[in-house]
Visitor: 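Mind having a look at this structure? Questions to follow.
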Amino acid sequence: MQLRVDVFGIEDVPQLLEGEELEEVHAAFQQQVEEIEQNPSRFENSEELKAGFEVEYALLDQENEQASEETRDRIKDRDDEILDSELAASVIEAQTDPVSEPESLDEFENELVQKEERTAELAAEEGFDLLRYGTNPFPTVDEFERSGDEGTRYELFANFLDEVRNDGMVHDRFGINESFDPRDIHYSGMIASTQTNLQAQSLDDAVDKANYGYMFAPFAEALGANARIMEQKDTGISDMRMPVWERSADLREYEDFGEEAPRAGKMGSYIGKENSHDIEDYFERLEPIYVAPDPDSALDQAIDNNWKDINIKFTDDAALVELRPFSTQPSVREDLALSAFMVGRIAYAQDEEIHGPGGEELMDIGKVNRNRYTAMHNGLDEKLYDSSGNQRQASKVVQDELEYARKGLDRLGVDYERFVAGDNDLFDEALGERIEKEKTPGDRSAERYDDLRQQMPDEEALAEVMDPYKVSDRNTA
C-alpha cells in the first residue's frame, strides 16, 4: 500500500488509492473545484434561512445490545429516502427535508419530530429503540461491528486509517476519571451527533458562516456536552465525541505535532487569505483522501473525509455550511435549541447594521480553540472567553451569547417563543436548567451513573441511566 504521495498537489497526505486510480480521481477533484470557483453565481440565492438536519442514533434492543448491520439495513431500506448508514453497523442516520424561510422554529421541530417518529417506528418493528446520546456507552471497541463485509471499502478504509495513524504520538490513555486507549478508528463509529446544514446565500457567505460557526460552536458545545461515558467508563470528559475522533484518526507525522491541527475537529486558523474570506482557501485546506476510484464523486469524497467541526458542502445550486461538533441531545427540542442558537448567533454576527461592514469581528482563533477544549472537557463548569475576548464564568458567557442569538432570530423574523408552553422561550425551556445548575446532560448522566454503580453492577446502572435517553415507538408522541 502506498501511504504517502505527491500527485497533482497532494503533499504528505496518506492515500488509500494508488497510481492511475489516484491521479484520475484527484484530477477530477481539481476540475470539480474549478467549476465551482469559476461559476459563483450558480450558488447565489435570496433565502435568508434554509436548513436541514441529520440526526444519528445508536440502535439498541431492550437488553441494550447493539443492532447488527443486517438489522440496521433492513430498517434503513424500509425508508431509504430519509435513512442512511454510518461506519458503525448499529448506527442509523435520519435526514430531514430542508425547511426554507420558516416563520417559526416549530417548523424545524415538526420536521425533526416526524423523521424521528418514522425512524423509531421502523426500529421498533425489528425490536430496537433509538438512543439519544453522544456515544453508544455500552459495548467495548472489541464488540464494535462496522458496516461493510470483508473486503468492502468500509473495511479497507478503516484498516487504512488504523495503519497510517501515528500511534507513537497519540497517547494510549484517554480520560480523566476512567480511561481507555483511543488508538482505534472504530471509536469514531461509536459516537453520534446532530448536524445542521445551513444554506448560504453565496460562496463568500458560506465562508463567513463557516468562520462564525467555528467561533460560536464552543458556546453550544458547553451547553450541549452529552458524551461522557464510553465502554461503560465515566471518562470525566463532558463531551468526548470530537476529542476521541481526533485521536483515533490522527494522521500527522512527528514533525507536524504542535504545528498543525489534527485532521479531525480543530481548525488552526479561519478560512480565507489575507483577510479575504474566499472559497479557494477552503478547497486548499481539504487535503483530500479518496476512498473509491470514482472520479464523479471526487469532491464529495474529499469533503466527506474532511472531519473538521465546520464543513462546507455543495449541491447543484447551493453551498451548505455543515455544523458538525454537537452530540445528539436527549430530545428533539434540545437538539433544536442548540441549532437555533447557532443560526441566530451567526445571523446576529452578520448584521452589518449593528457591526458595520463585514459584520462582527472574529475572535482570536487561539481563544476560540481554548474555548473549544474547555467546553468539551468541562462543559459549563469552567471559564470561557466571550465573543469580545474576555474570560468569564461559562454560564454567564452563554447567557449573553443566547441573548445575541435571540436578536439574530429576531432579525430573521423567526419565532422562538409562541410554540413553547408557558412564559419561557425555546432557550429558557431547553437550556435554562443547564445554565442555572451549570450541569450538562453528559455530566448529569455520568454523575448519576457513578452513584448507581456503587449499588449495582455497571451494566445495570448504565441501563437505568440511559433509559430516559431512549426513543421507542411507544414514547415518540
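Predicted, not measured: the structure shown is a model, and the values here were computed from it.
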Visitor: Looking at Phe216, I'd like to know if the NZ or CZ of Arg345 sits under 6.0 Å from its six-membered ring centre while staying within 45 degrees of the ring's axis.
Guide: yes
Visitor: Can Lys313 and Glu54 be counted as an ion pair, charged N to O under 4.0 angstrom?
Guide: yes
Visitor: Return yes if a side-chain donor-acceptor contact under 3.5 Å exists between Tyr57 and Glu93, otherwise no.
Guide: no
Visitor: For Gln38, enumerate each residue passing the side-chain hydrogen bond (donor to acceptor under 3.5 Å, both in side chains) test, keeping only those at least two apart in sequence or located in another chain.
Guide: Glu34
Visitor: For residues 376-385, run the donor-acceptor check on the side chains, cut-off 3.5 Å, and write out each pair with its distance to 0.1 Å, sequence neighbours left out.
Guide:
{"residue": "His377", "atom": "ND1", "partner": "Tyr373", "partner atom": "O", "Å": "3.0"}

Visitor: Okay, side chain of Asn390, backbone of Asp386: is any donor-acceptor separation there less than 3.5 Å?
Guide: no
Visitor: Under a plain distance cut-off of 3.5 Å, with no hydrogens placed, do Asp250 and Asn166 share a side-chain donor-acceptor pair?
Guide: no
Visitor: Could you please spell out the steps behind the side-chain contact (heavy atoms from CB on, under 4.5 Å) verdict for Met240 and Thr135?
Guide: CA-CA 9 Å; Met240 74 173 76; Thr135 71; 4.2 Å; yes
Visitor: Suppose we screen for side-chain contact (heavy atoms from CB on, under 4.5 Å). Which residues come up paired with Asn177, at least two apart in sequence or across chains?
Guide: Arg228, Asp234
Visitor: Parallel, tilted or perpendicular: which one describes the rings of His186 and Phe144, with boundaries at 30° and 60°?
Guide: tilted
Visitor: Listed by chain and number, what are the side-chain contact (heavy atoms from CB on, under 4.5 Å) partners of Arg411, not counting sequence neighbours?
Guide: Glu48, Ala347, Asp351
Visitor: Would you kindly say whether Asp181 and Tyr187 are connected by a side-chain donor-acceptor distance under 3.5 Å?
Guide: no
Visitor: Looking only at the aromatic ring of each residue, does the gap between the centers of Phe341 and Phe427 stay below 6.0 angstrom?
Guide: no
Visitor: Between Glu246 and Arg372, does any NZ, NE, NH1 or NH2 come within less than 4.0 Å of an OD or OE carboxylate oxygen?
Guide: yes
Visitor: For the CD atom on Glu81, are there more than 12 heavy atoms of other groups (residues, nucleotides or ligands in this structure) within a distance under 6.0 Å?
Guide: no
Visitor: Listing request: all ring-ring contact (aromatic ring centres under 6.0 Å, His included) pairs with a residue in residues 315-340, at least two apart in sequence or in separate chains.
Guide: none
Visitor: Start with the C-alpha distance between Phe314 and Phe283, add both sets of side-chain angles, then the distance that settles ring pair (Phe, Tyr, Trp, His ring centres under 6.0 Å), and finish with yes or no.
Guide: CA-CA 12 Å; Phe314 302 89; Phe283 288 128; 5.6 Å; yes
Visitor: Could you tell me which residues satisfy side-chain contact (heavy atoms from CB on, under 4.5 Å) with Ser331, sequence neighbours excluded, listed by chain and number?
Guide: Arg333, Glu334
Visitor: For atom CD of Glu361, decide whether the heavy atoms of other residues, nucleotides or ligands shown that lie under 6.0 angstrom number more than 12.
Guide: no
